[in-house]
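The structure appears below as structure tokens.
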Amino acid sequence: MTNAVLIIAHAPLAQALRQCALHIFPDAAAEIGAVDVRPDAPPDETLARARAALARLPGAGALVLTDIVGATPCNVALRLSAGARTRLIAGANLPMLLRALTYRDKPLAEQAACAIAGGAQGVVLMDAGTVQKGDDP
């Protein structure tokens with residue numbers, strides 16, 4: 001059984017990341033949840049929305065991705081993850097999400113490690129002189 005992915009981030013990032021991921025993994029729509037945290041929403045309301053989103057997701061576990069350590073989405077995600085079948089990663093980016101989806105059939109701890117590696121490997125200093133794989137020299 002696969003693991004789901006739940007994104008909890010400042011609005012509109014969670015839904016935007018989900019939509020980007022669905023361009024590449026359209027078959028994973030049911031396995032990707034997103035909770036956009038509005039600036040005026042009380043944390044308890046956001047937590048209730050996150051719990052409902054997590055409950056709707058299928059799978060053996062859920063990898064929870066959030067954007068900024070210490071911010072409201074992360075704090076909500078920490079409360080959500082306490083005692084749940086989840087792993088939480090802060091610093092979400094698209095390469096991280098894509099890697100998490102690629103390895104959603106792995107055990108949750110391994111999926112989390114792959115997602116972190118993908119997120120880190122997706123951050124590269126680029127300049128005009130950088131040649132991409134497949135580009136003409």
Side-chain angles (χ1 to χ4, degrees):
M1 181 168 263
T2 62
N3 297 310
V5 176
L6 177 61
I7 309 158
I8 304 173
H10 291 90
L13 184 59
Q15 286 293 335
L17 283 171
R18 182 179 187 276
Q19 290 303 313
C20 288
L22 289 176
H23 280 272
I24 298 162
F25 292 100
D27 62 319
E31 298 170 285
I32 309 170
V35 176
D36 278 320
V37 179
R38 298 180 311 268
D40 58 341
D44 286 338
E45 177 186 309
T46 302
L47 179 59
R49 290 177 48 234
R51 283 186 175 139
L54 181 62
R56 286 190 299 271
L57 293 173
L63 185 61
V64 180
L65 305 180
T66 188
D67 51 2
I68 302 173
V69 174
T72 300
C74 185
N75 293 334
V76 166
L78 278 168
R79 290 174 62 194
L80 175 72
S81 296
R85 54 178 175 81
T86 63
R87 287 285 174 117
L88 173 60
I89 302 173
N93 61 37
L94 187 56
M96 176 185 291
L97 175 57
L98 297 178
R99 188 71 65 92
L101 292 170
T102 299
Y103 293 98
R104 63 188 185 269
D105 61 331
K106 299 291 184 188
L108 196 52
E110 188 176 340
Q111 181 192 25
C114 290
I116 290 169
Q121 291 166 359
V123 178
V124 178
L125 179 62
M126 304 291 291
D127 62 28
T130 303
V131 176
Q132 288 292 306
K133 193 162 117 178
D135 286 350
D136 292 329

Only distances under 3.5 Å count here; give the side-chain donor-acceptor pairs of residues 19-31 to other protein atoms, sequence neighbours excluded, each with its distance to 0.1 Å.
| residue | atom | partner | partner atom | Å |
| --- | --- | --- | --- | --- |
| E31 | OE1 | R104 | NE | 3.2 |
| E31 | OE2 | T2 | OG1 | 2.6 |

Query raised in the report: Residues in salt bridge (charged side-chain N to carboxylate O under 4.0 Å, His left out) with E110, at least two apart?
Result: none

Query - Sequence neighbours excluded - side chain to side chain donor-acceptor pair (under 3.5 Å) pairs with any residue from residues 49-73 - result: H10-D67

Query raised in the report: Mind checking what makes side-chain contact (heavy atoms from CB on, under 4.5 Å) contact with A60, not counting sequence neighbours?
Result: M1, N3

Query raised in the report: If you look at every heavy atom in A115 and M96, which pair is closest and at what distance?
Result: O-CG, 3.3 Å

Report summary line: Between P95 and G118, the two heavy atoms sitting closest are CB-O, 3.4 Å

Report summary line: For V37, the hydrophobic cluster (side chain heavy atoms closer than 4.5 Å, chained through members) also holds L6, I8, V35, L47, L54, L57, V64, V76, L78, L80, L88

Requested in this report: State the CG-CD1 distance between L63 and I32, to the nearest 0.5 angstrom.
Outcome: 11.5 Å

**Report entry** Pairs flagged by side chain to side chain donor-acceptor pair (under 3.5 Å) wherever residues 93-103 is involved - sequence neighbours left out
**Finding:** R99-Q121

Query raised in the report: How far does OG1 of T46 sit from CZ of R38, to the nearest 0.5 angstrom?
Result: 6.5 Å

Query raised in the report: Can you tell me how far the CG atom of L108 sits from the OG1 atom of T86, to the nearest 0.5 Å?
Result: 7.5 Å

Query raised in the report: How close do P43 and R79 get, heavy atom to heavy atom, and via which atoms?
Result: CB-NH1, 4.5 Å

Query raised in the report: What's the verdict on side chain to side chain contact (heavy atoms under 4.5 Å, CB included) for V5 and Q111, showing C-alpha distance, side-chain angles and the deciding distance?
Result: CA-CA 10 Å; V5 176; Q111 181 192 25; 4.0 Å; yes

